[in-house]
Amino acid sequence: METASAISAPSLKRSLTLSDLILYGIIVIQPVAPMSVFGVLSDRGRGHVVTTLLIAMVAMLFTAFSYGRMARAYPSAGSAFTYVGQEINPAVGYITGWSMVMDYMLNPMICIIWCSQQAHVFAPGVPYAVWAVFFGAVFTGLNIQGIKTSARVNTVLAAGMGAVVAVFFIAAARYIFGNPHDGAAFFTRPFYDPQMWDMKSVLGATSIAVLSYIGFDGISTLSEEAENPRRNILLATVLTCLVIGILSAFEVYAAQLIWPASQPFPNSDTAFTYVAGRAWGPLFAIVGFTLLVANFGSGMGAQIGAARLLYGMGRSSALPKSFFGVVDAKRRVPRNNVIFVGAVALIGAFVLSYGLGAEMLNFGALIAFMGVNLAAFYRYHVREGGGSPVIPLVMTGLVIALVLVPYQNFAILGVAAIGLITLAVWTPPLAGFTICFFLWKNLSWKAWIVGGIWMIVGIAFGAWKTKGFKGTLINFDLPPDE
């Protein structure tokens, strides 16, 4: 018999509809998501930015499907660490969690780099180094003060970004149709340019394009506040990726028509602002300022997120508790961690380029995505579906092996494509795992070296801390706000 306290225990109100969840996802990812990374994608993919974003969208749709399904099983813990640790193995979950730490540490770093690059474009008389110190200090100072933006402010900012995107589309249409071009090939070249096409370059750029979708997994944390969460979390996660993917494709398609790949950018990191300025002069400042605000907000949020993650690790004694596990008594923020993350981000802003930072972030993100896809496979195909994992896993390994063989031809790639399509129909999570694996493999060697060192250090640390992964594993879930 239930007690009175159990009956009256408060719970979160289920008030978020499907459209609310999709709007939340778009706000988190941001309508201008591909603009910051446009120049890097264009350089790496030899001009095929729209193609890389669409390929990345396919991988993210499969992964979003897996995230949405796992949110049904764990409605109050939208974490890749939890999904993988519970469904596959705690040690594998630890590896996934450690890759997430890498993401959290790199996100504020690349935001400082981009903001500093754009500010330097606006005020070239001030050196990049000065801007980097300025933004690093501002991020850290505001977060130490406990300053946050409200949900309403974030919604207003997203609406403003949407308005800027709409104005850009109008200006782009006027520019494109108001200037001469060389017929139908002009409009198809952004998708496929036979003179510039290189499959390895396109796949390498696609690995970076994943950055435009980072954040969709946040929808899974709203399960307890969503109406009909078993249906709506899954639909919202997938539809958010689809909406962002289509919107992003239109944005970069217009940009490629305005600024062909054969013409170099004055600054690859801030390339989209130059594209916007070519479409209509005032948009150079408008788009530049909009992206500056977007990256500023992302950088601040990423820094406090990383600080909270380190606080959770410090509180559980995974890191020295005397430094990482304390909270400022007045403002209730993990001040030491905020300063630590800010210092690491500032150092990285002087060492890394924006493109390499994005690749390193995706190195960790793709490991987490592969882990979630595997967790969804084991949960729904093996445990609940009662199927054997052997044949699907063997087919997955075969598809990967066929693509990795040194000497390829159309017959081998055709067999691999048939295998991938079979996986997509039979066990979608393994198709998502396979595509994410190929994107992960095509990251640059620099990202692989740094990411590999990070993972080796993390695995060694975990093995030492848990005496060979036999003790209590480190928890990588973000602690709740206090």
Side-chain angles (χ1 to χ4, degrees), residues 36-37 40 97-121 123 126-145 208 211 214 267-270 292 294-314 318-320 322-326 328 333-365 367 443-458 460-461 476:
S36 298
V37 77
V40 174
W98 186 253
S99 74
M100 292 164 53
V101 176
M102 183 177 184
D103 288 0
Y104 276 101
M105 295 299 292
L106 283 167
N107 211 333
M109 189 182 300
I110 66 173
C111 288
I112 288 177
I113 294 172
W114 200 94
C115 288
S116 303
Q117 289 279 14
Q118 184 60 55
H120 182 60
V121 168
V126 180
Y128 165 84
V130 174
W131 284 119
V133 172
F134 170 77
F135 284 110
V138 171
F139 286 3
T140 301
L142 292 178
N143 277 321
I144 287 176
Q145 295 298 317
I208 305 174
L211 184 67
I214 297 293
N267 184 318
S268 293
D269 290 348
T270 60
L292 190 59
N295 280 274
F296 187 93
S298 295
M300 273 194 63
Q303 183 180 17
I304 194 63
R308 287 178 58 214
L309 180 63
L310 294 178
Y311 167 67
M313 296 174 70
L319 293 173
S322 59
F323 183 87
F324 292 99
V326 296
D328 182 87
V333 296
R335 182 182 58 189
N336 293 345
N337 300 344
V338 170
I339 295 172
F340 177 79
V341 174
V344 171
L346 182 58
I347 292 170
F350 286 100
V351 175
L352 301 177
S353 66
Y354 180 78
L356 180 56
E359 285 197 78
M360 289 168 56
L361 190 152
N362 287 349
F363 182 93
I367 290 176
L443 290 166
S444 70
W445 64 268
K446 291 181 181 179
W448 263 88
I449 290 176
V450 179
I453 293 173
W454 173 268
M455 296 307 298
I456 290 171
V457 170
F461 173 72
F476 293 103

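Not measured: the values here are computed from a predicted model.
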Novice: Taking Asp103 for the side chain and Ala365 for the main chain, is one N or O donor matched with an acceptor at less than 3.5 Å?
Specialist: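 A pair under 3.5 Å: yes.
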Novice: Where the side chain of Gln303 meets the backbone of Asn143, is there a donor-acceptor pair that is under 3.5 Å apart?
Specialist: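 Here the side-chain-to-backbone pair does not exist.
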Novice: Quick one: pull up OG in Ser36 and CD1 in Ile113 and give me the separation to the nearest 0.5 Å.
Specialist: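 It is 12.5 Å, given to the nearest 0.5 Å.
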Novice: Please confirm whether the backbone N or O of Trp454 pairs with a side-chain atom of Trp98, one donor and one acceptor, at under 3.5 Å?
Specialist: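 The answer is yes, because a donor-acceptor pair under 3.5 Å joins these two groups.
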Novice: Does any part of the side chain of Phe350, heavy atoms only, come nearer than 4.5 Å to the side chain of Val133, both counted from C-beta?
Specialist: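 A side-chain contact exists here, since the closest heavy-atom pair is under 4.5 Å.
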Novice: Between atom CG of Asn267 and atom OH of Tyr354, what is the distance when rounded to the nearest 0.5 Å?
Specialist: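 That separation rounds to 12.0 Å.
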Novice: Look at the rings of Phe296 and Phe135 and say which category their plane angle falls in: under 30° parallel, 30 to 60° tilted, over 60° perpendicular.
Specialist: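 Perpendicular: the ring planes of Phe296 and Phe135 meet at over 60°.
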Novice: Using the side-chain contact (heavy atoms from CB on, under 4.5 Å) rule, pick out the option among Leu443, Val450, Leu211 that qualifies with Glu359.
Specialist: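 Answer to the side-chain contact (heavy atoms from CB on, under 4.5 Å) test with Glu359 among Leu443, Val450, Leu211: Leu443.
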Novice: Strictly distance-based, threshold 3.5 Å: is any side-chain N or O of Asn337 a donor or acceptor partner for the main-chain N or O of Phe324?
Specialist: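 Indeed, once roles are kept as given, a pair shorter than 3.5 Å links the two residues.
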Novice: Do any N or O atoms from the side chain of Asn362 and from the backbone of Ile208 form a donor-acceptor pair under 3.5 angstrom?
Specialist: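 Side chain of Asn362 to backbone of Ile208, a donor-acceptor pair under 3.5 Å: yes, one is there.
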Novice: Output yes when a side-chain donor or acceptor of Trp131 lies under 3.5 Å from a complementary backbone atom of Gln117, and no otherwise.
Specialist: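 Here the side-chain-to-backbone pair does not exist.
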Novice: Work out which heavy atom in Cys111 is nearest to a heavy atom in Phe139; give both atom names and the distance.
Specialist: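 Reported closest heavy-atom pair: CB-CE2, 4.3 Å.
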Novice: Give me the atom names and distance for the closest heavy-atom approach of Arg308 to Pro334.
Specialist: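 Answer, listing the atom of Arg308 first, then Pro334: N-CG, 4.3 Å.
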Novice: I need the minimum non-hydrogen distance between Ala302 and Asn107, along with the two atoms involved.
Specialist: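 In terms of heavy atoms, the two residues are closest at CB-CB, 3.5 Å.
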Novice: Between atom CZ of Phe363 and atom CE of Met455, what is the distance when rounded to the nearest 0.5 Å?
Specialist: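 Reported to 0.5 Å precision, the distance equals 6.5 Å.
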Novice: Looking only at heavy atoms, which two atoms of Ile112 and Ala345 are closest? And how far apart?
Specialist: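 Smallest interatomic distance, heavy atoms only, reads CD1-CB, 3.8 Å.
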Novice: In Å, rounded to the nearest 0.5 Å, how long is the span from CE of Met360 to CG of Leu352?
Specialist: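 The CE atom of Met360 sits 5.0 Å away from the CG atom of Leu352.
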Novice: Using 0.5 Å steps for rounding, measure from the CD1 atom of Ile339 to the OG1 atom of Thr140.
Specialist: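 Taking CD1 in Ile339 and OG1 in Thr140, the distance rounds to 7.5 Å.
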Novice: Hey, what do you get for CG (Leu356) to CG (Leu361), rounding to the nearest 0.5 Å?
Specialist: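 Going from CG on Leu356 over to CG on Leu361, the span is 11.0 Å.
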Novice: Does a side-chain heavy-atom distance below 4.5 Å link Pro108 with Val341?
Specialist: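 Answer yes - side chains close enough.
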Novice: Within the distance-only criterion (no hydrogens, no angle test), does the side chain of Trp114 pair as donor or acceptor with the backbone N or O of Asn295 below 3.5 angstrom?
Specialist: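 No; zero donor-acceptor contacts below 3.5 Å.
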Novice: Does Leu310 reach the side chain of Met105, with side-chain heavy atoms less than 4.5 Å apart?
Specialist: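 SC-SC contact between Leu310 and Met105 confirmed.
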